[in-house]
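Inspection log for the structure reproduced underneath, given as structure tokens.
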Amino acid sequence: MAIKTYDVVIVGSGPSGGTLAAHLAAAGASVAIVEGGPKINTRTDFNTHGMPFDFPNRHIPTMKVGKPGFDSERTRGVGGKSMTWNAVAWRYSERDFQGKTHDGAGENWPFHYKDIEPYYTKIEREVGVCGNRDGLEDLPDGEFLPPVPMKCSDLIVKRGAAKLGVKVIHVRKSTLSRPRAGRPACHFCGNCMAGCDVVAKYNSADVHILPAMKSGRLDVFHDSIVREVMVSNRNRVTGVKYLHRGTKAEGEVLGKTVVVSCACVQSVALLMMSKSRLYPDGLANSSGQLGKHFIPHFTGGVQCFLNELKGKPALNDEGFLDHAYVPSFMHNRKRDYARSFAMQFNYQNRRAVGWARDLPGFGKAYKDSVVERYPAFLTFSPYGEMLPHAKTFLSLDPLAKDAYGLPLARRTVTWSENDMKIFRAMNEWSKEILLAAGAEIHAVGEEPRTNHELGGCRMGADPKTSILNQWCQSHDVKNLFVVDGSVFPSASEKNPTHTMMALAARTADYIANGLKKGEL
């Protein structure tokens with residue numbers, strides 16, 4: 001029996017892969033998703049409502065006992081990281097896409113905000129994004145459901161920030177504040193990053209993939225860890241080779257077009273592993289740029305206690321973690337570094353009370369101090385933008401292998417002078433805002449920490465300095481595409497997933513048109 005050849009094979013089922021699959025299937029293409037992890041039941045498989053005291057060592061495992069998934073970078077599950085993301089959904093601005101033009105540093109994207117704006121709108125209408133229209137140049141407005149209310153702590157911080165001329169706005173999230181399309185509104189149970197068992201928060205499996213499967217134009221190969229994208233002697237990709245997650249048996253899925261959407265680091269690693277006679281240094285890497293220009297976000301961190309809330313009754317006030325946000329405000333202020341930062345804050349307390357270990361005292365006085373500060377605790381997490389440079393990159397470990405015999409991906413991160421200037425500035429501004437809000441500073445992060453992983457397979461107009469063109473299409477191999485955070489030429493300071501989904505929708509249109517015209 002002949003093996004079916006799909007119009008499009010997509011590696012990965014997260015926000016990018018799920019969006020691509022749904023849009024391509026809706027356009028009439030036959031689509032296969034190849035996912036290294038298992039099928040996951042959103043409603044029953046996560047410890048969404050778990051509390052630390054329910055588990056040994058006060059550690060809440062992601063999956064319930066006996067439920068597989070999220071045990072390695074290659075084997076998360078159908079839905080990928082959309083299952084456990086915080087759902088923050090910002091549009092990038094023209095300044096983000098054309099940052100080099102604005103301040104002479106970093107790299108421009110090969111298109112402008114106006115080119116992706118319709119796709120931001122399309123995604124917002126599909127998945128539901130709550131938020132407020134704030135009229136900010138560097139944070140474009142969109143099609144929003146009503147914002148969720150700010151918490152008491154948010155309003156206290158907002159007052160303090162206003163004294164310094166800094167705005168605090170409602171967060172924007174791909175989480176429903178009103179019911180729609182069979183999904184209920186969020187009921188503020190708390191731990192959003194351990195799954196959402198009612199799908200008020202977007203995940204690609206329930207919102208994009210399952211409806212597309214019902215059309216009959218999408219098949220999902222779960223528990224299938226892709227180890228190679230195959231390329232013919234005619235310089236066309238022909239499908240993927242995979243290992244079964246449980247048995248390690250080999251298999252293939254064939255396609256006229258292949259899209260790699262594993263998530264940043266694993267997408268780059270897969271292309272590096274896909275060596276051939278035509279591409280001995282990794283698939284689509286004739287430029288030698290694969291793995292370079294890795295630009296993860298970096299975070300600072302300030303923990304504090306808001307004096308106004310000390311001694312107040314303890315409430316279940318987690319909401320859906322962060323309800324407010326400090327958008328970038330440095331672009332028009334004098335500074336000695338390029339780019340900027342923004343701040344997420346609040347998060348949760350009941351599941352993370354490690355700060356209590358650091359309080360002084362003993363016995364009753366110590367316990368009283370913890371009880372007094374418990375309702376007043378707040379975390380500030382500023383995010384900074386890293387500029388691409390030669391000493392931060394991705395590679396394959398020449399020796400270390402994972403459980404499937406595949407080489408492990410290595411991240412090499414070196415902080416540049418510009419990175420450290422941003423890091424120091426965002427921590428100082430965090431402290432100033434919190435002090436203006438009447439806070440007792442508890443702890444300040446001393447070193448940057450990487451967060452959202454971006455870059456390594458960037459888009460660009462010049463094939464000598466980039467891997468992909470503006471459509472996320474390989475310069476080298478016409479029917480190969482990459483769509484996830486690895487394609488970002490610059491990072492912005494904003495959470496990237498909303499932009500990844502808009503990119504996926506834009507690329508899906510391009511692929512669908514190419515298939516109809518017989519050009520792919």
Side-chain angles (χ1 to χ4, degrees), residues 47-60 86 148-164 166-171 186-194 299-326 342-383 426-447 449:
N47 284 302
T48 306
H49 302 289
M51 296 297 291
F53 48 74
D54 294 324
F55 300 91
N57 303 318
R58 301 296 189 263
H59 170 68
I60 308 174
N86 193 20
V148 298
M150 290 190 187
K151 308 175 194 178
C152 293
S153 53
D154 301 332
L155 297 174
I156 293 170
V157 171
K158 185 176 182 179
R159 286 202 311 265
K163 297 175 185 177
L164 305 174
V166 175
K167 288 182 178 291
V168 173
I169 66 171
H170 291 273
V171 76
C186 176
H187 57 273
F188 304 128
C189 66
N191 198 15
C192 307
M193 297 178 76
T299 62
V302 178
Q303 296 180 341
C304 74
F305 305 102
L306 296 173
N307 290 323
E308 193 172 331
L309 296 180
K310 286 181 181 178
K312 300 292 185 183
L315 302 172
N316 176 15
D317 62 351
E318 291 175 334
F320 63 9
L321 304 187
D322 44 332
H323 286 208
Y325 181 73
V326 179
M343 302 161 179
Q344 291 180 231
F345 66 94
N346 209 315
Y347 301 102
Q348 61 187 18
N349 196 2
R350 293 188 301 157
R351 294 177 176 85
V353 199
W355 54 266
R357 300 188 187 97
D358 300 324
L359 292 183
F362 185 77
K364 184 178 186 303
Y366 166 75
K367 293 178 182 178
D368 288 345
S369 179
V370 173
V371 171
E372 179 190 35
R373 285 169 171 77
Y374 180 82
F377 180 75
L378 182 143
T379 297
F380 238 59
S381 296
Y383 284 73
M426 66 192 196
N427 269 358
E428 286 303 312
W429 271 102
S430 296
K431 289 189 292 183
E432 289 297 318
I433 291 170
L434 293 171
L435 289 171
E440 170 196 341
I441 303 297
H442 174 65
V444 179
E446 296 180 355
E447 295 289 337
R449 301 182 305 275

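- The minimum heavy-atom distance between Phe55 and Gly50, with the atom names listed, is CE1-CA, 4.0 Å.
- Rounded to the nearest 0.5 angstrom, Gln303 CD and Asp358 CG are separated by 7.5 Å.
- With rounding to the nearest 0.5 Å, the separation of CG in Leu321 from NZ in Lys151 is 6.5 Å.
- The line from CG of Leu315 to SG of Cys152 is 8.0 Å long, rounded to the nearest 0.5 Å.
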From CA spacing to verdict: side chain to side chain contact (heavy atoms under 4.5 Å, CB included), Val326, Trp429: CA-CA 11 Å; Val326 179; Trp429 271 102; over 6 Å; no
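- In this structure, Cys189 and His49 approach most closely via the heavy-atom pair SG-CE1, 3.3 Å.
- With rounding to the nearest 0.5 Å, the separation of CG in Leu164 from CD in Glu432 is 6.5 Å.
- Closest heavy-atom contact between Val168 and Met150: O-CE, 3.9 Å.
- Applying the side chain to side chain donor-acceptor pair (under 3.5 Å) test to residues at least two apart or on different chains, the pairs with a partner in residues 152-163 are Ser153-Asn346, Asp154-Asn346, Arg159-Glu308.
- Judged by distance alone, with hydrogens and angles left aside, the side-chain atoms of Asn307 form a donor-acceptor pair with the main-chain N or O of Gly438 at under 3.5 Å.
- Here the CG atom belonging to Asn191 is positioned 7.0 Å from the CD atom belonging to Glu318, to the nearest 0.5 angstrom.
- Around the NZ atom of Lys167, the shell of radius 6.0 Å holds no more than 12 heavy atoms that belong to other residues, nucleotides or ligands.
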Using a 3.5 Å cut-off and no angle test, enumerate the donor-acceptor pairs between side-chain atoms of residues 371-378 and protein atoms at least two apart in sequence or in another chain.
{"unit_1": "Arg373", "atom_1": "NE", "unit_2": "Glu440", "atom_2": "OE1", "d": "3.4"}
{"unit_1": "Arg373", "atom_1": "NH1", "unit_2": "Ser369", "atom_2": "OG", "d": "2.8"}
{"unit_1": "Arg373", "atom_1": "NH2", "unit_2": "Glu440", "atom_2": "OE1", "d": "3.3"}

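- Exactly one residue among Tyr383, Phe380, Tyr325 makes a ring-ring contact (aromatic ring centres under 6.0 Å, His included) with Phe345. That residue is Phe380.
- Of all non-hydrogen atoms in Ala194 and Thr48, the two that sit nearest each other are O-OG1, 3.0 Å.
- Closest approach of Asn427 and Gly300 over heavy atoms only: OD1-CA, 3.6 Å.
- Formation of a donor-acceptor pair under 3.5 Å by the His59 side chain with backbone atoms of Pro56 is not found in this model.
- Residues satisfying the side-chain hydrogen bond (donor to acceptor under 3.5 Å, both in side chains) criterion with Trp355, sequence neighbours excluded, are Asn349.
- Using a 4.5 Å heavy-atom threshold, the side chains of Phe305 and Leu359 count as touching.
- When all heavy atoms of Met426 and Thr299 are compared, the pair lying nearest together is CE-C, 3.6 Å.
- With His170 contributing its side chain and Val148 its backbone, the two residues share a donor-acceptor pair below 3.5 Å.
- A distance of 8.0 Å separates CZ in Arg350 from CZ in Phe53, rounded to the nearest 0.5 Å.
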